[in-house]
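Order of the sequence lines fixes the chain letters, A, B, ..., with proteins taken first and strands second; residue numbering starts at 1 for each chain. Not measured: the values here are computed from a predicted model.
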Number of protein chains: 2
Amino acid sequence: MTYAEFSKLIQVSKKDICRETFAENRKTIRIKKEKTVVKNLEKIFGAVLKISNQKGFQAMTMRDLSQESGLSMGALYAYFSGKDELVEMLQHQRRSISGRIINETVNAQKTPWGKLKAAIYTHLYLSEAMQPWFYFSFMEAKNLNKEERKKAVLSEQNSEKMFTEIIKEGQAEGVFSDCHGELAAGQIKALLQDWYLKHSKYTKRNVTVEQYAKLTLEFVEAFLMNGAKASSTSLTPS
Amino acid sequence: MTYAEFSKLIQVSKKDICRETFAENRKTIRIKKEKTVVKNLEKIFGAVLKISNQKGFQAMTMRDLSQESGLSMGALYAYFSGKDELVEMLQHQRRSISGRIINETVNAQKTPWGKLKAAIYTHLYLSEAMQPWFYFSFMEAKNLNKEERKKAVLSEQNSEKMFTEIIKEGQAEGVFSDCHGELAAGQIKALLQDWYLKHSKYTKRNVTVEQYAKLTLEFVEAFLMNGAKASSTSLTPS
DNA sequence: GTCTATATACGGATAGAC
DNA sequence: GTCTATCCGTATATAGAC
């Protein structure tokens, strides 16, 4: 599947995200007219991600946000009670969307190799569609309050666990080489993360997400489908 | 080489780092007695890295730093003129040390595979010895002033370029498969970065830096030494 | 629903005693 | 060399007009 096809199939436009956010935050958002809220949430999220990803969320002042979003300070506080709640909305939204989409696409596959391919492609395409969100999550996670940090760690563990299970399933069926499952999963995640962490580097070099996905798949394939040699990776001390 | 051997060979103890820092900042540091300065720089750097890596450099107040380091606010300002200069010292120091060590160890090797091995091991061992420094550099780079951001990008590019050149050299000699050199270098860097970015994860799972280095090397070897298949990775549009 | 103006608090930096 | 006390700018959050 190409990225263009993925984008049409999956609803991850800015508007979609904001509509969903509104639905889940009817209580705390003081404005009630959906059209107004969605329009302004788009401005707000866009501005937060832009400023934060440039100079950090802590360094972003409410005045910065007001200027960039075109809303006054007073208006902003009608949408969230403070920076803490704002960041919580952002984080929750990203997790909710990506969790849903990844589960859907991976569960549609039946073979381990099919699942692994789907997981890699979906991760990459999703992080392309929501690059500023993924970047924000990674860079700001540690700066948030205890509750949010906990959720971030849990979400990260779940994601890695999914890869581990696919690999172990493939090993049980004899299609993947006998390497250390958890570690291999970690390596794969590291490669996927590089796409959204160094996004501007890849854009400057005219590398598309399809090319990066293909490369990553080949990299992983060379390791996982290459029986004999890789087995030495088990973690028994030598 | 094991990590223990590396640590003894290379001078990267906290004291060594602080002595070097003092030598390079004699003008701006108001205190003149080396023993005092080194002792206090150790406290200061330790505290900065601890607090910043927990909740971010911006969020760290001078009061936090004063409490954690055990020095008063007034005393702190005898060692640096403000947060900007403090961070500049940290960044400069990390770059200077790692640049020197990596060049030394890689240039000691003559074959491409030897160089690649040396580059991977040295990067990992160094980022183990100075993990909080590496983590800090990665997470805070974008929040710094223009000058510092520029240096960070340049240093990152240089490091990647070194890997690219080793790979291309190996391809010219016919020992590495004919993949896209820049992209492969980027993938290797992503794997190396994971070690210091997710350091606590690996520690919790009792993975040592030697094991991680071995795994990474196998991962890279499977891709670079696996001629036929990998050639499809060239970036000509299909 | 959105704006401007402001209360309140907090953080960086320094002066001057010891 | 180090400490305490304090100045002053700036940031968050709210009150109240439109």
Side-chain angles (χ1 to χ4, degrees), chain A residues 18 21-22 25-45 47-48 51-52 54-90 140 143-145, chain B residues 18 21-22 25-48 51-52 54-90 140 143-145 148:
Chain A
C18 294
T21 306
F22 178 49
N25 292 279
R26 277 231 159 69
K27 299 138 207 162
T28 54
I29 296 177
R30 281 212 303 272
I31 319 300
K32 294 303 165 197
K33 214 165 65 180
E34 166 156 323
K35 206 173 163 171
T36 312
V37 175
V38 170
K39 183 190 71 181
N40 284 335
L41 277 183
E42 272 188 67
K43 288 186 197 165
I44 294 171
F45 286 164
V48 173
I51 304 169
S52 300
Q54 265 171 24
K55 64 177 190 180
F57 180 73
Q58 298 266 0
M60 179 196 75
T61 69
M62 293 300 289
R63 284 176 182 80
D64 290 337
L65 182 54
S66 166
Q67 182 158 29
E68 180 73 32
S69 68
L71 288 155
S72 70
M73 305 252 308
L76 289 174
Y77 281 96
Y79 293 87
F80 49 83
S81 68
K83 283 177 88 180
D84 275 3
E85 196 174 295
L86 174 60
V87 87
E88 202 255 312
M89 273 167 67
L90 271 170
E140 304 294 343
N143 308 335
L144 310 179
N145 64 45
Chain B
C18 294
T21 306
F22 178 49
N25 293 277
R26 275 231 160 69
K27 301 138 205 162
T28 54
I29 295 176
R30 281 213 301 274
I31 318 300
K32 294 303 165 196
K33 214 166 66 182
E34 166 156 324
K35 203 172 165 171
T36 311
V37 175
V38 171
K39 182 191 70 184
N40 284 335
L41 277 183
E42 273 189 66
K43 287 187 197 162
I44 293 170
F45 286 164
V48 172
I51 303 169
S52 299
Q54 265 171 22
K55 63 177 190 180
F57 181 71
Q58 298 265 2
M60 178 196 76
T61 70
M62 291 300 291
R63 286 172 178 82
D64 290 338
L65 182 55
S66 165
Q67 181 158 31
E68 180 72 32
S69 68
L71 288 156
S72 69
M73 304 253 303
L76 289 174
Y77 280 95
Y79 292 88
F80 50 84
S81 68
K83 283 179 88 179
D84 276 2
E85 197 175 296
L86 174 59
V87 87
E88 203 256 312
M89 272 165 66
L90 272 169
E140 303 295 343
N143 309 335
L144 309 179
N145 64 44
E148 282 300 310

**Message:** Just verifying a value: how many Å separate A:Asn25 CG and A:Cys18 SG, rounded to the nearest 0.5 Å?
**Reply:** 11.0 Å

**Request:** Send over the distance from A:Arg63 CZ to C:dA5 C1', rounded to a whole Å.
**Result:** 11 Å

**Asked** Tell me: CE of B:Met60 to C1' of C:dA13, nearest whole Å?
**Response** 14 Å

**Prompt:** Could you state the CD-P distance from B:Gln58 to D:dA11, rounded to the nearest angstrom?
**Reply:** 11 Å

**Message:** I need the minimum non-hydrogen distance between B:Glu140 and B:Gly56, along with the two atoms involved.
**Reply:** OE2-CA, 3.5 Å

**Request:** Could you check how far CG of B:Leu65 sits from P of D:dC3, rounded to whole Å?
**Result:** 13 Å

**Asked** A:Glu34 versus A:Val37: any side-chain heavy-atom pair under 4.5 Å?
**Response** no

**Complete:** note: A:Lys83, atom NZ; D:dA11, atom C1'; distance rounded to Å ~ 9 Å

**Fill in**
Note: contacts of residues 70-82 of chain A with DNA chain D (heavy atom, under 4.0 Å) are A:Met73, A:Tyr77, A:Gly82

**Asked** Would you say B:Lys32 has more than 12 foreign heavy atoms packed within less than 6.0 Å of its NZ?
**Response** yes

**Item:** B:Gln67, CD atom: more than 12 neighbouring heavy atoms under 6.0 Å
**Value:** no

**Fill in**
Taken to the nearest whole Å, CE/B:Met62 to C1'/D:dG9 is 16 Å

**Request:** Figure out the CD/P separation between A:Glu85 and D:dT14, and round it to whole Å.
**Result:** 11 Å

**Prompt:** Heavy atom of residues 25-42 of chain A under 4.0 Å from DNA chain D: which residues?
**Reply:** none

Indicate every side-chain donor-acceptor pair of residues 71-90 of chain A with a distance under 3.5 Å to a residue at least two apart or in another chain.
unit_1  : atom_1 : unit_2  : atom_2 : d
A:Ser72 : OG     : A:Ala75 : N      : 3.2
A:Tyr79 : OH     : A:Asn40 : ND2    : 2.7
A:Ser81 : OG     : A:Glu85 : OE1    : 2.8
A:Lys83 : NZ     : A:Phe57 : O      : 3.0
A:Lys83 : NZ     : A:Gln58 : O      : 3.3
A:Lys83 : NZ     : A:Met60 : O      : 2.8

**Prompt:** Nearest heavy-atom pair of B:Ile44 and B:Leu65: which atoms, and what distance?
**Reply:** O-CD1, 4.1 Å

**Item:** Length of the CD1-P vector between A:Ile44 and C:dG1, whole Å
**Value:** 13 Å

**Asked** If you round to the nearest 0.5 Å, how far is NZ of B:Lys55 from CG of A:Leu144?
**Response** 13.0 Å

